[in-house]
Amino acid sequence: MIIEDFKAVIKKNIRDYAMYIALVFIMIIFSILTGGNFMSSRNIANLLNQTGYIAVLATGMTLIIVIRHIDLSVGFLSGFLGAITAILLTQFHVAVWLAIPIVLALGVVCGLITGLPVALLGIPAFVSSLAGWLVYRGALMLSTAATGTIIIPNESFNALGNGFIPDLFSWIPFLPQYHKTTLLIGLLTICVFILSEMRSRSRKMQYNFAVLTKPLFLLKILFITLIITYITFILAGYNGLSWTFVIMMVVVIVYDFIARKTMLGRHIFAVGGNPEAAELSGINVKKITLFVFGSMGFLSALSGILFTARLKSATPQAGTLFELDAIAACYIGGVSASGGIGSITGSLIGALVYMSLMNGMNLMGTDISMQYIIRGLVLVGAVIFDVVSRKRKA
Amino acid sequence: MSTYMLEMKNITKRFPGVLALNNVTFSVKKGEIHCLVGENGAGKSTLMKILSGVYPHGQFEGSIIFDGNEAKFSHIHDSEKAGIGIIYQELALVPEMMIYENILLGHEIQKGIQIDIPEMIKKTEQLLEMVHLSVKPTEKIKELGIGKQQLVEIAKALSRKAKLLILDEPTAALNENDCENLLNIIRELKSQGVTCIMISHKLKEVMAIADTITVLRDGQTICTLDKKEATEQLLIKHMVGRSIENIYPTRTQKPTNETVLEIKNWSGIDSKTGRKILQNISLTINKGEIVGLAGLVGSGRTELARSIFGNPDGYIVSGKVIANGKAHQFTHPHEAIKNGIAYASEDRKKNGLILIQSIKDNILLANLKKISSTIGIIKSEEEIVQANEYVKSLTIKTPSIEQFVLNLSGGNQQKVSIAKWLFVEPKILILDEPTRGIDVGAKFEIYTLMNRLVAQGMSILMISSELPEVLGMSDRVYVVAGGKITGELTRQEATQERVMELATL
């Protein structure tokens with residue numbers, strides 16, 4: 001009975017669950033191949049930090065692809081803005097709390113500049129952002145030309161990319177080797193998750209929507225609770241949550257909320273689903289396009305800050321190929337190349353899958369050339385799966 | 001050898017929910033010009049698509065005998081090979097390519113592995129001469145006027161050795177000189193032995209050129225007349241023929257005299273082509289009134305509605321829109337909506353609905369403010385309650401409001417499209433072809449809904465190609481032809497014959 005229900009649900013929602021299954025599969029495979037190293041506390045913490053700056057870009061890119069555009073400029077834009085941050089901090093001695101908002105605002109401006117010709121003149125985003133790619137690459141080289149790599153000695157800034165949240169409860173003798181703030185956050189997450197799932201289920205039942213059967217629902221809750229618990233203990237067993245992870249999660253949660261629960265989000269997905277119908281429904285497609293590009297610029301700046309802090313320096317190569325990693329993460333995460341369909345959480349999982357592959361292959365010492373080939377195959381495989389499973393559904 | 005070039009026997013074609021052609025028989029003699037007439041939606045284009053293989057053999061019932069052989073076309077290539085050349089209303093030329101490249105597209109002359117350009121140009125010159133077109137074969141298509149492009153299309157069909165030429169409303173976009181020229185060329189081709197089928201709405205033109213005329217109505221052959229027996233009046237009678245059955249629910253309330261929308265001296269120019277699409281249009285709509293806007297496809301009805309509704313196509317417009325007593329100059333649909341005007345578009349799939357989203361999201365889209373907090377956060381409970389209410393009151397048949405619109409039948413999609421506009425609570429609702437492609441039952445439900453809405457004080461401007469619908473539903477009818485209003489008729493004055501006369505002016 002349960003098994004049959006389970007099969008039916010999986011079959012119906014294969015597209016939604018496939019990424020999670022793929023992620024678990026990849027993690028198990030690499031755990032075996034690396035003799036457990038992959039799932040070690042240290043490596044998972046490292047993996048999440050690596051994922052951070054790509055996931056932040058993928059979040060913005062999701063909306064860009066949803067409204068049927070693309071932004072190739074984000075990689076070098078984040079590199080360039082990272083360099084600007086470094087210059088502000090080291091040469092102009094601007095305080096960290098001031099430098100960061102300046103750079104984020106600059107990011108919004110750069111994003112709008114890429115978006116303006118797209119929104120107002122109908123220039124293909126590929127062209128407009130390719131121009132941005134070239135310009136920002138040049139700007140990055142120019143800004144690091146005099147000094148070469150700019151080392152950032154500021155420790156509070158570098159903590160954004162390397163540091164961990166402080167443990168407020170380290171004085172409690174209970175579970176001495178664990179980061180207790182992290183454990184607490186994990187526990188809270190589980191509570192919020194269970195409560196919101198139960199609320200949403202009861203509401204759906206009230207309105208006669210299709211819901212999972214009770215045993216399956218409990219199974220789902222149990223399964224996800226176990227995963228969160230496991231990850232919490234892995235992280236708490238090392239240094240706890242990193243700042244990068246916290247920032248990434250805040251970005252994902254805020255954007256996911258905007259995408260699903262606000263007028264703005266509905267308008268964005270309407271523009272992606274059918275721009276003509278959206279325009280006739282009174283939605284200003286130009287404004288939405290500008291907003292989405294502006295937000296992309298903002299997140300590029302944030303990504304640049306995270307990456308620069310992680311390296312504790314700005315280099316002339318920073319940001320190379322980030323745009324393609326972010327785009328790949330979106331496609332793996334189920335964003336439809338023809339627009340209108342996608343989710344922020346999907347892209348986060350996509351980024352995790354993609355970065356897990358890189359991380360795992362690095363641990364195994366796989367040759368870099370093979371790594372590229374495998375990443376390419378995974379990307380095209382994921383999109384083929386996406387298209388085929390969607391066709392079958394329709 | 002039979003005297004018939006083409007015999008289509010007992011053709012029946014079904015679309016989901018609609019019987020497009022019902023046992024149609026259509027025969028064309030060798031060497032004649034045969035005109036096919038009928039109202040919009042009578043089945044003319046469907047019949048021609050079956051003939052040319054767009055709807056492949058096996059997807060319809062009946063048989064086709066072309067030039068003495070049974071034809072089983074499964075693709076447009078097959079019919080082309082057999083000698084059928086079809087020229088659609090929307091020309092299928094590549095604007096950036098030269099004339100000779102277009103004419104011989106896919107049939108390039110080769111010398112070895114190379115394309116033999118001089119030979120192609122030479123051949124094109126011969127073909128252009130046949131259609132009396134004196135332009136250089138190396139000119140680009142986009143440099144030519146629409147009339148000359150039409151001739152290039154004909155030359156292209158001739159280059160494929162077409163024995164039967166099908167022209168779908170060839171003169172719809174042409175001015176009078178070009179029309180005359182085209183008709184002469186068709187006559188000349190006839191003298192050279194080419195058989196021709198022409199679809200046209202312009203009855204004068206039909207009378208001038210046809211040898212034989214077939215009238216289609218509601219997917220059936222009504223009659224085939226010899227030119228000598230036919231008159232314009234007779235044709236109109238056959239075209240509209242049916243009596244209005246009682247498929248229109250009776251209205252209980254009369255419209256008021258309070259004007260809610262007035263259009264004054266409204267003109268519009270398409271900024272892309274520079275063509276005048278609307279000329280000096282004036283009309284009024286009263287509270288609680290259903291006003292019909294009749295006219296043939298391409299007459300400017302939709303352009304009129306869209307230019308009023310915030311002008312999303314960027315036409316260059318002049319004149320006045322007075323809504324609820326105030327003159328407005330809407331620059332975006334958003335502003336029109338804010339002032340109580342809603343427009344449910346003609347093509348619900350193309351620009352009305354978002355097919356990959358749920359019923360709920362589609363219904364709520366144009367007025368999310370109503371279910372959101374002041375800072376724009378959507379209230380989840382509220383959206384479900386509201387969407388359910390509209391689904392119920394419009395009897396949209398669906399298991400849940402989470403269903404994708406993609407999976408609904410045409411009638412239910414249309415109801416979602418109307419529900420979406422009712423959700424913005426407009427004062428004036430413009431319905432563009434509200435019953436296109438939906439079955440009789442769903443039509444009746446939509447008519448009932450329209451009556452209910454005007455009884456509540458809403459005003460409706462209905463654009464429709466179905467004459468009986470316009471006559472059955474409207475309090476007043478405006479007839480549009482060539483971007484102008486050619487007549488205003490009260491419910492009593494409006495007969496199918498009268499409207500058709502004004503629409504074919």
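Proteins get letters first, then strands, A, B, ... in listed order; numbering begins at 1 in each. Reckoned from all heavy atoms, side chains included, excluding hydrogens, waters and symmetry mates.
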Quiz item: Where do B/Lys420 and A/Ser281 come nearest, in terms of heavy atoms and distance?
Solution: NZ-OG, 2.7 Å

Quiz prompt | Atom pair CG (B/Asp347) and CD (A/Glu276), whose distance is rounded to the nearest 0.5 Å | solution = 8.5 Å

Self-check item: Contact winner vs chain B - A/Gly282, A/Pro275, A/Ala278, heavy-atom pairs under 4.5 Å
Solution: A/Gly282

Practice problem: Answer yes or no: does atom CZ of A/Phe126 have more than 12 heavy-atom neighbours from other residues, nucleotides or ligands under 6.0 Å? | Solution: no

Quiz item: Just wondering, are more than 12 heavy atoms of other shown residues or ligands nearer than 6.0 Å to CZ in A/Phe223?
Solution: no

Exercise. Give the member of B/Glu383, B/Glu335, B/Lys379 that has the highest number of heavy-atom pairs under 4.5 Å with chain A.
Key: B/Glu383

Quiz prompt | For B/Ser380 against A/Arg203, the heavy-atom pair lying closest together | solution = CB-NH2, 3.7 Å

Quiz item: For A/Ile258, is it the side chain, the backbone, both, or neither that has a heavy atom closer than 4.5 Å to a heavy atom of chain B?
Solution: neither

Quiz item: Around B/Met97, counting heavy atoms of other residues, nucleotides and ligands shown, do more than 12 lie under 6.0 Å from its CE?
Solution: yes

Exercise. Search all heavy atoms of B/Ser345 against all heavy atoms of A/Leu280 and return the closest pair with its distance.
Key: CB-CD1, 4.1 Å

Exercise. Would you give the length of the straight line joining atom CD1 of B/Ile375 to atom CG of A/Leu264, rounded to the nearest 0.5 angstrom?
Key: 12.0 Å

Exercise. Identify which part of A/Phe257 has an atom lying under 4.5 Å from any heavy atom of chain B, answering side chain, backbone, both or neither.
Key: side chain

Self-check item: Nearest heavy-atom neighbours spanning A/Ala270 and B/Gln357
Solution: N-NE2, 3.8 Å

Exercise. Tell me, for B/Ile356 versus chain A, whether the close heavy atoms (under 4.5 Å) come from the side chain, the backbone, both or neither.
Key: side chain

Exercise. Look at B/His334, B/Lys350, B/His332 and state which one has the largest set of heavy-atom pairs under 4.5 Å with chain A.
Key: B/His332

Practice problem: Mind checking the OG-NZ spacing from B/Ser372 to A/Lys261? Nearest 0.5 Å is all I need. | Solution: 11.5 Å

Practice problem: Please answer whether the main-chain N or O of B/Leu353 pairs with a side-chain N or O of A/Asn274 as donor and acceptor at a distance below 3.5 Å. | Solution: yes

Self-check item: B/Asn362 portion near chain A, given a 4.5 angstrom heavy-atom threshold
Solution: neither

Self-check item: Separation between CG of B/Leu364 and CE of A/Met263, rounded to the nearest 0.5 Å
Solution: 11.5 Å

Exercise. Please state whether the side chain, the backbone, both or neither of B/Phe404 comes within less than 4.5 Å of a heavy atom of chain A.
Key: neither

Quiz prompt | Within 6.0 Å of NZ in B/Lys370, more than 12 heavy atoms from elsewhere | solution = yes

Practice problem: Indicate the atoms forming the closest heavy-atom contact of A/Ile283 with B/Leu365, along with that distance. | Solution: CD1-CD1, 3.7 Å

Exercise. Kindly compute the distance separating CD (A/Glu279) from CG (B/Asn351), expressed to the nearest 0.5 Å.
Key: 11.0 Å

